Asker: 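Structure provided below as structure tokens; questions to follow.
Basis for what follows: all heavy atoms, side chains included, without hydrogens, waters or symmetry-related copies. Here the structure is a predicted model, which means the values were calculated and not measured. Numbers for residues simply follow the sequence, beginning at 1.
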Amino acid sequence: MSNTPGSSAQLVWGVTLALMGIAVFIRVPQVVPELVKKMNMASGEAFISFCMYLVGVILLGGGVKKIYAHYYPGDDNDSNGDQP
């Protein structure tokens, strides 16, 4: 199993990351109130929500990036335009 940008293992990993990111978005509204209630800090609800959604965005972004790299392996996004 190769770890090259176009390998099928990287595609599976990308899909898994994207699905977990979506799952975080679905689950946060249910989990945050319970977490705040257990911790007895109502003032931290916005911060906890922000952090959880940030984790979801990072997971989803990483998954989409891996899926994109699987289908378009030549796009390295090289900002200086040098060719290897």
Side-chain angles (χ1 to χ4, degrees):
M1 190 179 313
S2 170
N3 281 336
T4 60
S7 73
S8 59
Q10 292 296 314
L11 177 63
V12 170
W13 185 248
V15 169
T16 304
L17 285 173
L19 289 175
M20 289 308 296
I22 292 169
V24 167
F25 280 110
I26 293 171
R27 193 75 174 131
V28 165
Q30 300 163 353
V31 171
V32 170
E34 293 175 17
L35 187 62
V36 169
K37 190 183 340 177
K38 287 180 184 177
M39 294 175 57
N40 290 329
M41 41 181 258
S43 62
E45 185 172 0
F47 180 71
I48 293 171
S49 295
F50 170 75
C51 291
M52 298 284 280
Y53 282 120
L54 181 63
V55 169
V57 167
I58 291 170
L59 286 170
L60 186 59
V64 169
K65 183 178 176 183
K66 284 198 171 287
I67 293 168
Y68 184 81
H70 177 78
Y71 288 110
Y72 302 103
D75 294 344
D76 291 340
N77 295 329
D78 193 8
S79 61
N80 60 9
D82 293 339
Q83 296 294 326

Asker: Please, which pairs that meet ring-ring contact (aromatic ring centres under 6.0 Å, His included) have at least one residue in residues 32-63, sequence neighbours excluded?
Answerer: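 Output for this query lists Phe25-Tyr53.
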
Asker: Considering residues at least two apart in sequence or located in another chain, which fulfil the side chain to side chain contact (heavy atoms under 4.5 Å, CB included) criterion with Ile58?
Answerer: Leu54

Asker: Sorted by first residue and then second, give each side-chain hydrogen bond (donor to acceptor under 3.5 Å, both in side chains) pair with at least one member in residues 15-25; sequence neighbours left out.
Answerer: none

Asker: What about Val57 and Trp13, same hydrophobic cluster or not, with Ile/Leu/Val/Met/Phe/Trp/Tyr joined at side-chain heavy-atom distances under 4.5 Å?
Answerer: yes

Asker: Output all residues satisfying side chain to side chain contact (heavy atoms under 4.5 Å, CB included) with Leu59, sequence neighbours left out; order by chain, then residue number.
Answerer: Leu17, Met20, Val24, Val55

Asker: Can you sort out the partners of Ile22 under side chain to side chain contact (heavy atoms under 4.5 Å, CB included), two or more places apart, ordered by chain and number?
Answerer: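 Applying side chain to side chain contact (heavy atoms under 4.5 Å, CB included) to Ile22 gives Ile26, Leu60.
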
Asker: Could you tell me which residues satisfy side chain to side chain donor-acceptor pair (under 3.5 Å) with Gln30, sequence neighbours excluded, listed by chain and number?
Answerer: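 In terms of side chain to side chain donor-acceptor pair (under 3.5 Å), with neighbours along the sequence ignored, Gln30 is linked to Arg27.
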
Asker: Are Ile48 and Val31 connected into the same hydrophobic cluster when the rule is that any two of I, L, V, M, F, W, Y join if their side-chain heavy atoms are below 4.5 Å apart?
Answerer: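 Per the 4.5 Å side-chain linkage, Val31 and Ile48 are not co-clustered.
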
Asker: Is there a path of hydrophobic side-chain contacts, each under 4.5 Å between heavy atoms of I/L/V/M/F/W/Y residues, joining Met39 to Val36?
Answerer: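 Yes: a chain of side-chain contacts under 4.5 Å links Val36 to Met39.
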
